[in-house]
Amino acid sequence: MASSTSDPRTPDARVRILSTEIIHAKNTQSPLERIPLTACDLRLILVGTIQKGLLFRNPTTNPTDHHPISRQAFIENLKSAFSKALALHHPFAGRLTADEHPDGSATVYIDCNDAGCPFLHAVADGITVDEALNQPFPVPPAPVLWSFFPSNDVKNYHGFIRPLMSIQITELVDGVFIGWTINHAVADGTTHWNFHRIWSSICRGSGDHSPPVFTRDSSLEAIKKKIRVPWSRIRDFNEDNLVIPPLKEGTFHFSKKKIAELKAKGTAELSGSRQISSLQILIAHLWRAVIRSRADPDPESETRFGIQVGFRGRFEPNKFPAHYFGNAIGGRTVTMKVKDLVAEGSLGRVAAEVNRVVAETTDEKLREAVEDWIESPDMRGLGEFTEGALMLSGSPRFDAYGTDFGWGKAVAVRSGWANKCDGKVTVFPGPETGSMGFEICLSPECFDRLRMDSEFMAAVTE
């Protein structure tokens, strides 16, 4: 029942593209300019894009006047609002460019040339919302879902010739899916969810249009530098035909009540000695279950869980602004021995170790990490990451279900094919306040054993 991998570049025959239009930034007040990519941006240039989407039941009324709405009218409203939102985020309409230097290095920029963003209108013949969700629990993605996302063949390093953002609106029998592909070398999750918050608010006729901050003005001095990176590493890199081993994927939901129960259990194991967050306890719960599900791991071997730490709000006195445009994240790795991870009564200790790594990620450590990266740029493709490690993306703080285009809350949040590999975990906020969803991608054997793990599944909400 879980979805196995197939080539997402082969579209489902039932999904037909009706039209493609290049949308430009309408009446932008920002001058054309070039924005240099930072270390936080460039470390992602060889991996895949951000692909996210929202599934809605059929919109029936116009969000501005609440009159009955036709399919064409609602598409035009989305398109018009998108152009206005793009004017506030004009770098998305540009392309990457590079200044090559005599020593073989290059400085990479966003060229804000308003080359535009593709806006695709598609129809999924005979496909319902329930089929797209591929019920029943635990909600693996239907194979047709990959065809709801645009630009499935694009990697971040294609941004020199391919759009930095693409949108696809797919009409279902009883709903609509809004999918997008965004170059991850120019934006992180906070940036792209801020864009969709503004786009949806324009659709509703709202005036909540807090513009992003494009300047690299922060107490993190390294973010202001025009970085030189080995140009041949980007120019010659190619993972277009990277073969991903077979995978299975599913979304597991955790209610506020179940999360509280896990936190109480973990805290009791620690004798109340340390505060742990809801996300940290879920990371511990999942990490332990995945390692248990892998075939006979060596108890003395080390296992790793990669997490992201945000820069926004850090670096006194001139903090990163909340609406900073770009990537403002840094990677951290939690490492434990297998025997310590899976030991009886270790849930709290694992969560505490995650908490420790996060708590010790001081501004100074982040500053040193960025400076070290600039001195020795480390740009990796998806096929070059540590085999067997788990990697977390997303955040329960992203207000995905609050992205209201005037039709109410989405039925589901989904991600596309980009960056999927064994051990990839994406966290979303759940549809109910305080709940979370984990989209988990594993080898088929590991995934099947995870679903049979009674300790893990006891905390999952159907």
Side-chain angles (χ1 to χ4, degrees), residues 7-28 30 32 35 45 47-56 71-72 74-97 110-124 144-172 176-187 191-196 198-200 202-203 212 240 325 403 405 414-419:
D7 191 339
R9 292 168 295 187
T10 304
D12 191 297
R14 295 172 295 172
V15 179
R16 295 181 291 115
I17 304 299
L18 302 180
S19 66
T20 301
E21 183 177 343
I22 301 299
I23 304 297
H24 299 276
K26 184 176 182 180
N27 300 325
T28 179
S30 302
L32 295 180
I35 300 176
I45 199 166
V47 298
T49 57
I50 296 174
Q51 287 190 309
K52 296 292 182 285
L54 297 168
L55 180 63
F56 296 90
R71 290 279 180 116
Q72 189 58 39
F74 110 83
I75 293 292
E76 291 302 321
N77 185 46
L78 283 171
K79 194 182 300 182
S80 174
F82 176 73
S83 179
K84 294 174 183 176
L86 197 57
L88 296 171
H89 301 77
H90 65 286
F92 278 141
R95 300 291 185 269
L96 298 183
T97 188
I110 305 172
D111 183 3
C112 301
N113 58 8
D114 198 26
C117 302
F119 189 102
L120 287 68
H121 177 198
V123 62
V144 71
L145 184 71
W146 310 132
S147 296
F148 296 169
F149 290 92
S151 306
N152 277 313
D153 60 334
V154 171
K155 308 285 188 182
N156 295 331
Y157 55 84
H158 293 144
F160 297 91
I161 57 173
R162 299 289 295 273
L164 303 181
M165 175 191 280
S166 301
I167 302 291
Q168 181 174 321
I169 313 299
T170 304
E171 297 184 56
L172 284 64
V176 61
F177 189 90
I178 301 179
W180 55 89
T181 298
I182 293 177
N183 192 303
H184 205 343
V186 305
T191 296
H192 88 75
W193 282 114
N194 280 342
F195 174 87
H196 287 85
I198 290 176
W199 179 21
S200 63
I202 293 173
C203 275
D240 292 5
F325 184 100
T403 305
F405 290 87
R414 290 292 181 266
S415 63
W417 178 248
N419 295 319

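When reading the values below, keep in mind they use all heavy atoms of this one structure, side chains included, and skip hydrogens, waters and symmetry mates.
Side-chain polar atoms of Glu21 and His121 form no donor-acceptor pair below 3.5 angstrom.
Put simply, the side chain of Asp114 never gets that close to the backbone of Ala93: no donor and acceptor are under 3.5 Å apart. A distance-only check finds no donor-acceptor pair linking the side chain of Thr170 to the backbone of Ala122 [under 3.5 Å]. In this structure, Asn194 contributes its side chain and Pro212 its backbone to no donor-acceptor pair below 3.5 Å. Thr191 places no side-chain N or O within 3.5 Å of a backbone atom of Phe325 that could act as its donor or acceptor partner. Of the possible donor and acceptor atoms, one in the side chain of Ser200 sits under 3.5 Å from a partner among the backbone N and O of His196. Judged by distance alone, with hydrogens and angles left aside, the side-chain atoms of Asn156 form a donor-acceptor pair with the main-chain N or O of Val47 at under 3.5 Å.
The one candidate from Asn419, Leu164, Val154 that meets the side-chain contact (heavy atoms from CB on, under 4.5 Å) condition with Thr49 is Val154. Here the rule is side-chain contact (heavy atoms from CB on, under 4.5 Å) with Pro163, and of Cys117, Ser151, Pro118 only Pro118 fits it.
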Q: Evaluate the side-chain contact (heavy atoms from CB on, under 4.5 Å) criterion for residues Val15 and Gln168: first the C-alpha distance (whole Å), next the side-chain angles of each, then the deciding distance (0.1 Å), finally the verdict.
A: CA-CA 11 Å; Val15 179; Gln168 181 174 321; 4.3 Å; yes

Q. Between Ser415 and Gln51, does a side chain to side chain donor-acceptor pair (under 3.5 Å) hold up when you go through it step by step?
A. CA-CA 5 Å; Ser415 63; Gln51 287 190 309; over 6 Å; no

**Q.** Evaluation steps, side chain to side chain donor-acceptor pair (under 3.5 Å), between His158 and Asp153
**A.** CA-CA 9 Å; His158 293 144; Asp153 60 334; over 6 Å; no

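Counting all heavy atoms, side chain and backbone alike, Ala115 lies closest to His24 at O-CE1, 3.5 Å. Heavy-atom minimum distance, Ala187 versus Ile50: O-CD1, 3.5 Å. Closest non-hydrogen pair, Gly53 versus Phe177, comes out as CA-CZ, 3.6 Å. Considering all non-hydrogen atoms of both residues, Pro91 and Ile35 come closest at CG-CD1, 3.7 Å. When every heavy atom of Ile198 is checked against every heavy atom of Ala85, the shortest pair comes out as CG2-CB, 4.3 Å.
In this structure, Arg162 and Thr181 have side chains that are not in contact, with every pair of non-hydrogen atoms separated by 4.5 Å or more. Contact check for Asn113 versus Thr97: no side-chain heavy atoms found under the 4.5 Å cut-off. Put simply, the side chain of Val186 reaches to within 4.5 Å of the side chain of Leu96, judged on heavy atoms.
Taking a 6.0 Å sphere around NZ of Lys84, one finds it holds 12 or fewer heavy atoms contributed by other residues, nucleotides or ligands.
Classification of the Phe195-Phe82 ring pair by plane angle, with boundaries at 30° and 60°, yields perpendicular. The aromatic rings of Phe405 and Trp199 lie perpendicular to each other, with more than 60° between the two planes, well past the 30° mark. Aromatic ring orientation, Trp193 versus Trp180: perpendicular (interplanar angle above 60°, classes split at 30° and 60°).
The CZ atom of Phe119 sits 10.5 Å away from the OG1 atom of Thr20 when rounded to the nearest 0.5 Å. Interatomic distance, NE2 of His89 versus NE2 of His192, reported as 12.0 Å (0.5 Å rounding). Here CG of Leu120 is found 7.0 Å from OG of Ser166. Values are rounded to the nearest 0.5 Å. The CD1 atom of Ile182 sits 4.5 Å away from atom CZ of Phe92, with the distance rounded to the nearest 0.5 Å. How far CD1 of Ile169 is from CG of Leu78: 5.0 Å, rounded to the nearest 0.5 Å. Atom-to-atom distance recorded for Leu55:CG and Leu172:CG is 6.5 Å, nearest 0.5 angstrom.
When the ring pair (Phe, Tyr, Trp, His ring centres under 6.0 Å) test is applied to His184, no partner is found at least two apart in sequence or on another chain.
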